Asker: 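Quick one: the structure is below, and I'll ask about it shortly.
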Amino acid sequence: RKMDLAGRAAKNTKVADIMTTKVIYVEASQPVEECMALMIDKNIRHLPVYDGKELLGLISVRDVLKEMVDVQKFMLSHLGHYITGGGR
């Protein structure tokens with residue numbers, strides 16, 4: 001359910017009235033690509049991360065995008081090194 005106040009006054013609205021009840025989460029062992037796909041598919045910006053029953057924290061869209069960009073930069077750097085003769 002979309003989280004908004006639906007015209008209610010914030011001071012009179014309880015969290016229980018607007019919260020998501022079936023929380024989508026990921027396991028710490030899942031690849032970042034799965035987190036990204038889940039966030040896109042479900043249109044969510046944050047995911048709780050669990051290790052078994054222990055909540056480790058939240059991963060955000062920003063976290064996922066930063067990791068993906070860092071991986072791309074790393075791969076391009078190594079590819080450039082290889083192309084210029086450093087990989088022989």
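Just so it is clear, the structure is predicted and the values come from calculations on it, not from any experiment.
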Asker: If hydrophobic clusters are built from ILVMFWY residues whose side chains come within less than 4.5 Å, do I24 and V32 share one?
Answerer: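 Yes, I24 and V32 fall within the same hydrophobic cluster.
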
Asker: According to side chain to side chain contact (heavy atoms under 4.5 Å, CB included), who are the partners of A28, at least two apart in sequence or on a separate chain?
Answerer: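 Expected list: V49, L56.
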
Asker: Roughly how far, to the nearest 0.5 Å, is CG of L47 from SG of C35?
Answerer: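 It comes to 6.0 Å.
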
Asker: In the single-linkage hydrophobic clustering (I, L, V, M, F, W, Y; side-chain heavy atoms under 4.5 Å), do I40 and Y25 co-cluster?
Answerer: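 No, I40 and Y25 fall in different hydrophobic clusters.
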
Asker: If you look only at distance, which donor and acceptor atoms sit under 3.5 Å apart when one is on a side chain in residues 67-80 and the other is two or more places apart or in another chain?
Answerer:
| residue | atom | partner | partner atom | Å |
| --- | --- | --- | --- | --- |
| D70 | OD2 | K66 | NZ | 2.8 |

Asker: May I have all residue pairs that pass side-chain hydrogen bond (donor to acceptor under 3.5 Å, both in side chains) and include part of residues 50-60, sequence neighbours excluded?
Answerer: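 Counting only pairs at least two positions apart or across chains, the side-chain hydrogen bond (donor to acceptor under 3.5 Å, both in side chains) contacts touching residues 50-60 are S60-D63.
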
Asker: Considering only residues two or more places apart or on different chains, which pairs with a residue in residues 31-44 satisfy salt bridge (charged side-chain N to carboxylate O under 4.0 Å, His left out)?
Answerer: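 Passing the test, one end in residues 31-44: no pairs.
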
Asker: With side chain to side chain contact (heavy atoms under 4.5 Å, CB included) as the criterion, how do M39 and I59 come out once you've worked through the C-alpha distance, each side chain's angles and the decisive distance to 0.1 Å?
Answerer: CA-CA 10 Å; M39 290 172 153; I59 189 166; 4.2 Å; yes

Asker: Using a 4.5 Å cut-off between side-chain heavy atoms of Ile, Leu, Val, Met, Phe, Trp and Tyr, which other residues end up in the same hydrophobic cluster as L58?
Answerer: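 Same cluster as L58: nobody, lone residue.
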
Asker: How far does CD1 of I44 sit from CG of L38, to the nearest 0.5 angstrom?
Answerer: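 Nearest 0.5 Å value for the CD1-CG distance: 5.0 Å.
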
Asker: So, using ring pair (Phe, Tyr, Trp, His ring centres under 6.0 Å) as the criterion, who are the partners of H46 when residues are at least two apart?
Answerer: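 H46 satisfies ring pair (Phe, Tyr, Trp, His ring centres under 6.0 Å) with no residue once adjacent residues are dropped.
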
